Structures are given as structure tokens and as C-alpha cells.
Amino acid sequence: MNRKKWTFSNFDKEYAADIAERYSLEPFSAVLLACKNFEDEEELDAFLSEDNSFVVDPYELPDMEKAVARINKAIDNFERIMVYGDYDADGVSSTALLYLYLQSRGADVQYYIPDRLTEGYGMNLDAVRKIKERDVDLIITVDNGISAVLEAEKVKALGMDLVITDHHRPGDTLPDAVAVVDPYREDYEGVFCEWAGVGVAFKLVEALSDCDEEILNEYADLVSLGTIGDVVPLRSENRSFVKCGIEKLNEASRPGIAALKEVTGMLSANLTSANIAFTLVPRINAAGRMGSADRAVRLLLSDDENEAKLLAEEVNQANVSRQQIETKIIAEAEEKIEKNGDMVYDRVIVIEGEGWHSGVIGIVAARLTEKYARPCLVIGINDGVAKGSGRSIEGFSLFEALSAVSDCLEHFGGHTLAAGFGVEVDRIDEFRRKINEYAKSREMPHPQLKIDCKISPKYINVDLLEGLHVLEPFGAGNNQPLFAVMNMKIDKIEGVSQNKHTKISLSRNDSRIVAMRFGVSPDVFDFSVGDTVDIAAVFDKNEYMGTVKVSVIVRDIRFSDLDEDSVIMSERIYEKFRRKELLTENERFLLCPDREFIGKVFRVLRQGAWKKSEEALCCRAGVEADRLSAVKVSLDVLEEMGLIVVDRKTRAINLAENQNKVDLNNSKILLSLAKG
């Protein structure tokens with residue numbers, strides 16, 4: 001169901017050799033750099049540079065001079081300034097950064113974070129009125145504002161000024177503000193534009209501080225949190241931000257950062273971009289998802305250790321609540337999808353639920369997209385209002401899809417791979433039908449797993465870790481390299497942590513490695529001792545009592561002799577059949593099993609309860625990959641005839657208690673296939 005097609009990077013060996021010689025790098029590092037396809041030598045130079053200097057003069061950004069002049073005037077005249085932020089990690093860190101800087105300049109500054117559930121993203125008219133009541137003279141937005149056309153008019157009408165800093169793409173009309181600082185404006189001609197909101201806020205601070213390069217050392221921890229949290233490409237200035245920021249986060253000089261690290265068990269750990277993304281960032285995000293993001297801002301601003309500890313506990317508890325609610329909604333969504341047997345084969349899955357928390361449905365959509373290997377849109381219905389969030393796979397633009405069916409939506413917005421929308425409750429079925437009709441007119445992509453490099457098991461040693469270190473920090477646009485280790489024989493399979501994870505011992509010739517498959521228990525692990533497999537894995541440093549070893553973490557695993565293209569083709573044929581679409585003669589032939597074929601499948605199932613995939617069943621039955629669809633049909637027929645029982649929730653297959661003799665000629669499924 002969630003198989004990904006492996007694709008391998010191409011690289012020029014001569015180019016890799018040139019990189020190794022020019023930068024005095026190990027060949028291994030040079031090969032990985034060659035796989036990244038840098039546009040020019042300058043970009044490669046910048047990537048490998050240890051210098052944290054900036055690439056872009058902040059005054060190259062549109063309206064920066066106007067923004068600096070107006071803010072300096074407000075500081076000099078002690079006007080009241082409001083920093084208007086956002087409730088996610090990027091918005092929170094942007095708010096804290098600009099607030100702290102303005103405070104250091106002696107400004108009369110406050111901040112405002114809209115409530116995610118009641119106000120939604122960005123500026124809103126009620127918030128503008130509330131801000132006016134606080135006698136504010138100047139509003140500065142961070143990580144939002146580029147679409148606030150009506151709100152900007154209201155700000156002006158109420159006698160306040162507005163400076164916008166944002167990193168989202170503008171619409172046809174820019175808000176009427178004193179300054180609109182956004183790198184995606186058409187009149188920006190700089191060499192880099194892919195900052196997070198906190199990156200743009202930092203460029204403003206850089207300009208306000210007369211381009212003092214030391215300013216990054218003061219705020220790098222906050223800039224890196226927002227940059228990692230917003231998953232922007234870690235190249236150019238973003239890479240400098242994160243490299244410098246990780247050092248400062250490891251120092252934990254701010255009480256709020258220290259408290260957050262302590263509550264996550266990371267106080268003495270060596271932080272990396274990866275564990276920041278999985279520990280610190282989710283907790284900052286959770287504050288806004290599960291209540292008020294104000295707690296997260298106060299945590300980052302706090303200079304009192306006791307207060308910081310209390311706030312860190314609050315933020316951590318919000319994350320626990322988020323996880324619990326998320327787990328509950330995922331379970332409910334999966335149950336709904338599995339009970340509606342045909343929905344799982346929709347090109348785009350649209351699933352709705354009463355009372356589903358709008359703060360977590362985006363995460364749920366991401367989990368479902370990963371599981372079902374297709375775009376998924378999750379709709380939460382609360383008090384008669386339906387709000388949705390969707391995630392997609394590369395090659396299918398969710399924004400374009402929603403644009404095509406916008407006539408049945410109240411509003412929508414987003415990007416290629418993620419979007420949000422509103423829909424009337426009684427039009428959800430219509431929306432589901434229309435977006436699937438749109439998808440039918442497109443060639444639906446298959447999820448891909450991009451492999452950086454094939455590697456022999458004999459080269460997996462501690463020397464490899466040093467070669468990887470050259471490429472850090474990892475993140476969006478510079479992912480941790482993924483390696484393929486091919487044709488490995490499984491020697492041993494063990495359960496770890498009460499069978500929550502699986503440890504696999506593998507060998508090829510005289511080379512042996514041990515790998516971990518996290519989140520997969522041995523009883524649902526598709527493979528057996530003696531199988532020959534390919535693994536896709538990342539390598540991490542594992543240090544224990546002074547001994548350093550390479551940790552091999554499996555991201556995907558497949559049978560070496562099972563043709564991947566045939567598997568994917570066969571899955572698509574079966575999905576067409578389940579959607580009751582017209583099949584070609586060859587597709588019907590590949591799909592339809594005869595009595596002997598079904599017997600092969602049934603004999604495997606009779607050996608014991610089956611908890612593995614249909615692909616594993618295909619291999620155990622000795623069936624070619626292009627007949628995987630026929631294996632799936634065989635299971636449908638065996639269930640139809642009452643010979644097996646399939647648990648839709650766990651996908652486990654058991655023999656029925658009463659094994660009566662059956663006549664397969666009575667199978668409605670086989671009859672329908674025979675008729676075409």
C-alpha cells in the first residue's frame with residue numbers, strides 16, 4: 001500500500017574527483033556532494049564555507065529602507081510598537097527575535113499572536129481593533145501580512161502605521177503599508193529568496209543594526225529554530241543560520257531554551273538539525289495547536305529559570321495532548337477508510353470526522369498520505385463548520401487540484417504539497433467526487449524514495465561518519481544522505497523494546513552489518529531469515545562508553561529479486577479494478593487468477609496467521625511480481641467464499657473456523673472478471 005519507487009541519483013565521476021582535489025576532501029564526501037547537483041562553483045563554495053557571513057545585503061529586499069526609517073522613528077519617539085506574529089515555530093521564533101531586538105533598543109514594544117482556533121492564520125480585523133485599543137502607533141508583522149489587504153486598510157483608517165515582513169508569495173495586490181518586505185515580490189532581484197519568516201525578520205534586524213555581522217551570534221538560536229521548523233531549504237544563508245544556531249542552541253544560554261531542552265531530555269545531548277526538528281520544534285508548534293502560542297513566545301523570551309521551567313512543562317504537556325488527540329484521530333480516520341472498502345483505492349482520499357481537532361488534522365493528513373501513498377485531505381467538523389487540511393505527494397499539486405474544484409469550497413490556500421480549505425458540511429461528498437474526477441484526468445504519480453548512493457557493506461565503518469560530517473547540517477534541501485545496500489542476506493531477526501522495533505543482522509560474502517527498523521515489530525516484518533533484500537538506510541553516530549559505532553537505520557526494505565516496476569504496475573491494475581474502471585484485455589489477464597493460482601496463495605495462508613504484506617505473500621507463493629494484482633484478487637475471492645477472515649484494521653489474515661468445501665465457479669468476483 002505504501003511502497004515507494006526507489007530512484008538513484010546520477011553523478012559525474014570526473015566532477016566528484018575534481019571536488020575531492022579542489023577542496024581536499026575524502027572521495028566519499030566528494031561523491032555525495034556531486035550527487036547534489038550544485039548549480040555553479042559559487043554555490044558549492046558557499047556550501048562548504050565555514051564563514052557565517054551573509055550573502056544578501058538586507059537593503060536589497062524591497063522596501064527595507066522604508067521599514068528601517070519608520071521603525072527607527074518609532075524607537076526614537078518612543079511610539080508604541082506591536083509585533084504581530086503567528087502561532088507556529090517560525091512565527092513564534094520570529095516574534096521573539098524582533099521583540100527582543102526592539103526591546104534591546106529601548107523601544108516600547110508588545111507582541112500579538114492570533115489564536116489558531118478562533119482567529120486563524122494572519123491578520124484579522126478584530127485583532128486590528130484590539131491592537132488600536134492598546135494605543136499602538138506601529139504594527140510590524142512577522143511571518144504573515146502579505147495577503148492582509150483589507151486589514152492594512154483598517155490599520156490605516158484607525159490611524160496606525162503598518163510594516164509587513166513576510167516570506168509567503170504575494171497576491172495580485174500588495175497591502176497598502178509603509179513598507180512590504182517580502183523576497184517573493186516581483187521587484188526583488190536578489191540571489192536568494194528562500195528564507196523562513198524568521199529569516200526575513202532577521203534581515204530586518206540586520207538592517208536595523210547597520211549590518212553588524214555579530215548580530216547573528218545574538219539571535220542565531222531563534223533564527224535556526226524557525227528555519228528548521230518551517231522546513232525551508234538549508235542552503236545559502238539558511239545554512240549559515242542553522243550552523244551557527246545549532247552551536248548556540250547547544251550552549252542553551254537562554255533560560256527558555258535550556259528549560260525546553262531539559263523537558264525533552266536533550267539538555268546534555270548534542271543537538272542536530274534532525275533532533276531539533278523532532279524534539280524542540282514540535283513542542284513549540286504544539287503550544288499554538290493546543291491552545292495559545294503565547295506560552296511558547298514567553299518561554300523563548302523568559303530570563304527567569306523558574307518561570308522558564310514552568311512554561312516548558314506547559315508546552316511539553318501541550319505536545320503530549322497533541323500526540324494523544326492525533327493518535328485518536330488517526331485511528332478513527334483509518335477505521336473509516338478501511339470500513340469503506342473502496343475509499344482506500346480513491347486517487348485522492350477525502351475523510352471527515354465530527355469533533356476532529358483542527359489544530360492536528362494537518363499532521364493526520366501527513367500520516368495518512370504516508371500510509372496510503374496518495375494525497376489525503378482530512379476534514380474536521382466542529383459546531384457545523386468543516387475545516388480541512390491536505391497533504392500530497394510530489395507530482396500532484398494540491399493547490400492546483402483545489403483551484404480546479406474551488407466552486408464547491410468556501411475558501412482555500414496553500415502550496416503544492418500542503419493546503420488548507422473550508423467546505424460546507426453538506427458539500428463534502430460533492431467535493432470528494434469532484435477532486436477525484438480531477439485526479440482521474442491526471443497521470444497520478446507514485447511516491448518516490450530518492451537514494452543518494454549505493455554502498456558496499458564493507459565500507460560501512462566509522463570513517464564513513466567523518467565523510468558525512470562535511471555535509472551537515474542536514475534538513476530540507478540538504479537531506480541526510482540515504483544509502484542503498486543491495487543483495488543482503490538476512491541472518492537474524494530480533495525484537496527490540498518489547499517488540500516495538502526490529503533488529504536485523506545481514507551479510508554479503510564476508511561483510512556483516514546490524515540494522516534497525518524502528519516502528520515495525522517482528523510479527524509484521526515482511527521478511528524472514530534467509531531472504532535476500534535491499535535496504536535503504538541512513539547512517540548515524542552511536543557512541544557508548546567511549547566507543548563509536550555506525551548506527552544503520554533502515555528507511556525502507558525490499559526483496560532483491562522482486563521487480564519494482566512490475567509491483568507498482570500490478571498495484572495500479574488492482575486499484576482500477578476496485579474502482580470499477582474499464583480494464584484492458586491484458587490487465588484482466590494479469591488480474592484474474594485461476595484455481596491453481598488461488599490454491600498456491602491459500603497453501604501459504606494455511607501455514608499460520610498472516611500479518612505481512614501482499615508482496616511478501618507473492619514471494620512466499622512463488623508468484624511473479626506482475627501477478628501481484630492476482631494475489632490480491634485471490635485474497636478477495638477466498639474472503640468472499642468464507643475461507644479466510646481479514647481484519648481490516650490490522651490487515652491480519654486468519655483461516656475461517658469452518659473450512660467447508662467451496663466451488664470457486666460461484667465467486668461473483670471471478671464471474672465479473674470473466675465478463676470483463
Side-chain angles (χ1 to χ4, degrees), residues 9 19 22-26 29-58 60-61 89-90 93-94 97 143 167 183-184 188 190-206 211-251 270-278 280-281 450 452 465-482 538 540:
S9 296
I19 291 174
R22 193 172 0 137
Y23 296 97
S24 300
L25 294 174
E26 292 294 324
S29 302
V31 166
L32 292 175
L33 287 166
C35 289
K36 292 189 174 294
N37 299 316
F38 290 98
E39 292 182 6
D40 51 45
E41 288 188 12
E42 285 187 10
E43 189 178 1
L44 179 57
D45 287 341
F47 185 89
L48 292 171
S49 174
E50 292 299 321
D51 183 9
N52 287 327
S53 61
F54 310 126
V55 176
V56 180
D57 183 331
E60 291 181 23
L61 285 160
D90 187 13
S93 56
S94 301
L97 164 66
D143 192 30
H167 72 125
Y184 287 104
Y188 173 60
V191 296
F192 183 72
C193 64
E194 296 177 302
W195 295 285
V198 72
V200 180
F202 178 77
K203 298 307 287 185
L204 173 64
V205 168
E206 187 188 345
C211 299
D212 179 5
E213 290 192 4
E214 292 301 314
I215 201 74
L216 179 59
N217 293 325
E218 178 65 28
Y219 301 109
D221 49 354
L222 301 178
V223 184
S224 62
L225 274 177
T227 299
I228 293 170
D230 212 55
V231 202
V232 291
L234 293 193
R235 64 184 195 89
S236 190
E237 287 197 353
N238 289 340
R239 183 170 168 81
S240 297
F241 292 160
V242 172
K243 283 175 73 174
C244 187
I246 287 174
E247 292 179 14
K248 192 167 178 66
L249 285 167
N250 275 313
E251 294 170 4
N270 182 45
L271 289 178
T272 66
S273 54
N275 56 33
I276 290 168
F278 287 107
L280 307 188
V281 167
K450 296 178 181 177
D452 290 277
L465 297 174
E466 189 60 36
L468 289 174
H469 180 68
V470 174
L471 280 72
E472 294 177 345
F474 300 124
N478 183 39
N479 292 325
Q480 187 173 7
L482 187 63
V538 295
D540 277 340

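Only this structure's heavy atoms are used, side chains among them; waters, hydrogens and symmetry mates stay out. The shown structure was predicted, so the numbers you read here are calculated from the model rather than taken from an experiment.
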Heavy-atom pair with the smallest gap, counting every atom of [X] and [Y]:
X	Y	value
Val200	Pro183	CG2-CD, 3.9 Å
Asn270	Asn275	O-ND2, 3.3 Å
Val56	Glu237	N-OE2, 2.9 Å
Leu271	Ile246	O-CG2, 3.4 Å
Ser94	Ala201	CB-CB, 4.4 Å
Leu468	Phe474	O-CZ, 3.6 Å

Establish, from distance only, whether the side-chain atoms of His469 and Glu466 form a donor-acceptor pair under 3.5 Å.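 Not at all, the side chains of His469 and Glu466 share no donor-acceptor pair under 3.5 Å.
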In Å and rounded to the nearest 0.5 Å, what is the [atom1] to [atom2] distance from [X] to [Y]?
X	Y	atom1	atom2	answer
Lys203	His167	NZ	NE2	15.5 Å
Cys35	Leu482	SG	CG	11.5 Å
Cys244	Glu218	SG	CD	11.0 Å
Glu206	Asp57	CD	CG	7.5 Å
Asp452	Ser9	CG	OG	5.0 Å
Lys243	Leu216	NZ	CG	12.0 Å

Are any of the side-chain heavy atoms of Leu234 and Phe241 separated by less than 4.5 Å?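 The answer is no, as the side chains (C-beta and beyond) never meet within the 4.5 Å cut-off.
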Report yes or no: does [X] contribute a side-chain atom to a donor-acceptor pair with the main-chain N or O of [Y] at less than 3.5 Å?
X	Y	answer
Asn238	Glu194	yes
Asn478	Pro473	yes
Arg239	Glu472	yes
Ser29	Gly467	yes
Asp221	Leu249	no

Parallel, tilted or perpendicular for Trp195 and Tyr188, by the 30°/60° rule?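 Plane angle between 30° and 60°, so tilted.
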Heavy-atom count around Phe278 CZ within 6.0 Å, excluding the residue itself: above 12?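 Result for CZ/Phe278: open.
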Considering residues, nucleotides and ligands other than Glu26, do more than 12 of their heavy atoms fall under 6.0 Å from its CD?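 No - once you tally the heavy atoms of other residues, nucleotides and ligands closer than 6.0 Å, there are 12 at most.
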Hey, mind stepping through Leu32 and Val470 against side-chain contact (heavy atoms from CB on, under 4.5 Å) and telling me if it holds? CA-CA 10 Å; Leu32 292 175; Val470 174; over 6 Å; no
Take Glu60 and Val191, measure what side-chain contact (heavy atoms from CB on, under 4.5 Å) needs, and give me the verdict at the end. CA-CA 10 Å; Glu60 291 181 23; Val191 296; 5.7 Å; no
side-chain contact (heavy atoms from CB on, under 4.5 Å) between Leu225 and Val198: does it pass, once the steps are laid out? CA-CA 9 Å; Leu225 274 177; Val198 72; over 6 Å; no
Decide yes or no on side-chain contact (heavy atoms from CB on, under 4.5 Å) for Leu33 and Leu48, but give the supporting numbers first. CA-CA 10 Å; Leu33 287 166; Leu48 292 171; 4.0 Å; yes
